[in-house]
> 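Have a look at this one.
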Amino acid sequence: NAGVTQTPKFQVLKTGQSMTLQCAQDMNHEYMSWYRQDPGMGLRLIHYSVGAGITDQGEVPNGYNVSRSTTEDFPLRLLSAAPSQTSVYFCASSYSSGWDEQFFGPGTRLTVL
Amino acid sequence: SQQGEEDPQALSIQEGENATMNCSYKTSINNLQWYRQNSGRGLVHLILIRSNEREKHSGRLRVTLDTSKKSSSLLITASRAADTASYFCATDRGHMRFGAGTRLTVKP
């Protein structure tokens with residue numbers, strides 16, 4: 001199993017550009033989530049999904065969109081990038097809920113100029 | 001807002017020593033988890049302790065939970081240079097909430 005994969009690993013954007021961060025898992029997990037990690041802030045939940053077709057907002061959803069058309073994929077879209085979105089983004093999945101053991105991807109380091 | 005708060009923020013010890021990290025939280029929980037993050041990598045799950053458990057072991061790891069004090073501790077015994085990483089506690093208040101972590105450095 002590849003586990004949780006994320007692409008790209010690094011990305012530089014200009015303010016106002018849009019892009020999609022990809023996340024996929026091959027463990028047939030129902031629950032998937034996106035976090036951002038900023039220095040000294042820990043991980044903060046952006047969006048999550050409890051299954052295909054179902055998504056909901058986390059703590060810091062503004063400026064981000066998600067969709068879950070399949071169990072495997074959970075892309076995160078930045079609609080109009082801002083410098084405040086410079087961060088490291090992690091995708092995670094778990095068997096059935098956000099309270100289970102989370103499996104994390106390797107992260108995407110995003111810089112917005 | 002962060003639910004778990006780790007203490008200390010940074011810890012530096014010699015190989016072979018024990019490392020203790022603490023986590024405090026504010027509201028009632030069902031379970032508490034500890035994760036490790038090596039530099040530039042994703043988080044890796046270490047151990048989960050439920051609210052009705054007081055202590056749990058996994059190899060060189062020992063986790064305790066005191067729900068009356070709303071705190072948990074992670075003890076790593078006989079530390080190795082490979083234990084150098086950041087350690088996070090996470091609680092299940094609504095969604096999984098992570099603290100800012102303890103950065104552990106183990107010197108060879």
Side-chain angles (χ1 to χ4, degrees), chain A residues 2-10 21 23-25 27 29 31-50 54-61 66 74 87-111, chain B residues 1-10 21-53 56 58 61 63 65 72 74 85-104:
Chain A
V4 179
T5 58
Q6 291 183 238
T7 56
K9 292 185 178 179
F10 301 94
L21 307 185
C23 174
Q25 53 90 11
M27 297 174 282
H29 284 169
Y31 186 93
M32 296 185 73
S33 55
W34 277 101
Y35 292 88
R36 59 177 290 173
Q37 184 177 32
D38 302 296
M41 295 291 292
L43 278 78
R44 291 182 291 169
L45 182 66
I46 304 172
H47 285 286
Y48 67 97
S49 169
V50 298
I54 306 170
T55 64
D56 208 343
Q57 297 180 349
E59 297 177 74
V60 288
V66 292
F74 191 43
S87 188
V88 182
Y89 291 84
F90 290 99
C91 179
S93 73
S94 64
Y95 178 64
S96 65
S97 82
W99 298 358
D100 296 331
E101 173 187 349
Q102 302 287 309
F103 293 81
F104 282 82
T108 294
R109 186 175 296 273
L110 175 67
T111 301
Chain B
S1 61
Q2 294 169 218
Q3 167 73 326
E5 299 281 348
E6 293 90 348
D7 173 65
Q9 290 185 341
M21 288 157 272
N22 302 296
C23 171
S24 60
Y25 56 92
K26 297 175 182 175
T27 57
S28 62
I29 59 172
N30 294 303
N31 69 54
L32 184 145
Q33 301 183 37
W34 285 91
Y35 287 78
R36 182 188 74 233
Q37 183 181 34
N38 291 92
S39 181
R41 303 284 186 89
L43 278 71
V44 174
H45 181 263
L46 295 176
I47 200 163
L48 181 154
I49 186 166
R50 301 193 186 283
S51 60
N52 61 354
E53 297 175 309
K56 207 162 182 180
S58 177
L61 306 180
V63 169
L65 180 64
S72 174
L74 170 66
S86 291
Y87 292 81
F88 297 85
C89 69
T91 55
D92 64 350
R93 182 64 179 174
H95 310 294
M96 184 150 309
R97 297 177 186 270
F98 290 83
T102 291
R103 188 179 305 111
L104 173 66

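Just so it is clear: chains get the letters A, B, ... in the order the sequence lines come, proteins before strands, and each one is counted from 1.
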> So what's closer than 4.5 Å to chain A heavy atoms on B:Leu48: side chain, backbone, both or neither?
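Side chain only.
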
> Side chain from CB out, backbone as N, CA, C, O: work out which of these in B:Gln9 comes under 4.5 Å of a heavy atom of chain A, or both, or neither.
neither

> Search all heavy atoms of B:His45 against all heavy atoms of A:Gln102 and return the closest pair with its distance.
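The answer is CB-O, 4.2 Å.
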
> Any idea which heavy atoms bring A:Phe104 and B:Leu43 closest together, and the distance?
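For A:Phe104 and B:Leu43, the tightest heavy-atom pair comes out as CB-O, 3.4 Å.
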
> Rounded to the nearest 0.5 Å, how far apart are OH of A:Tyr35 and CZ of B:Phe98?
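The OH atom of A:Tyr35 sits 4.5 Å away from the CZ atom of B:Phe98.
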
> Answer with yes or no whether the side chains of B:Gln37 and A:Gln37 bring together a donor and an acceptor at under 3.5 Å.
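Indeed, the side chains of A:Gln37 and B:Gln37 share at least one donor-acceptor pair under 3.5 Å.
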
> Under a 4.5 Å heavy-atom cut-off, does chain B meet the side chain of A:Tyr48, its backbone, both or neither?
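Contact with chain B: side chain only.
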
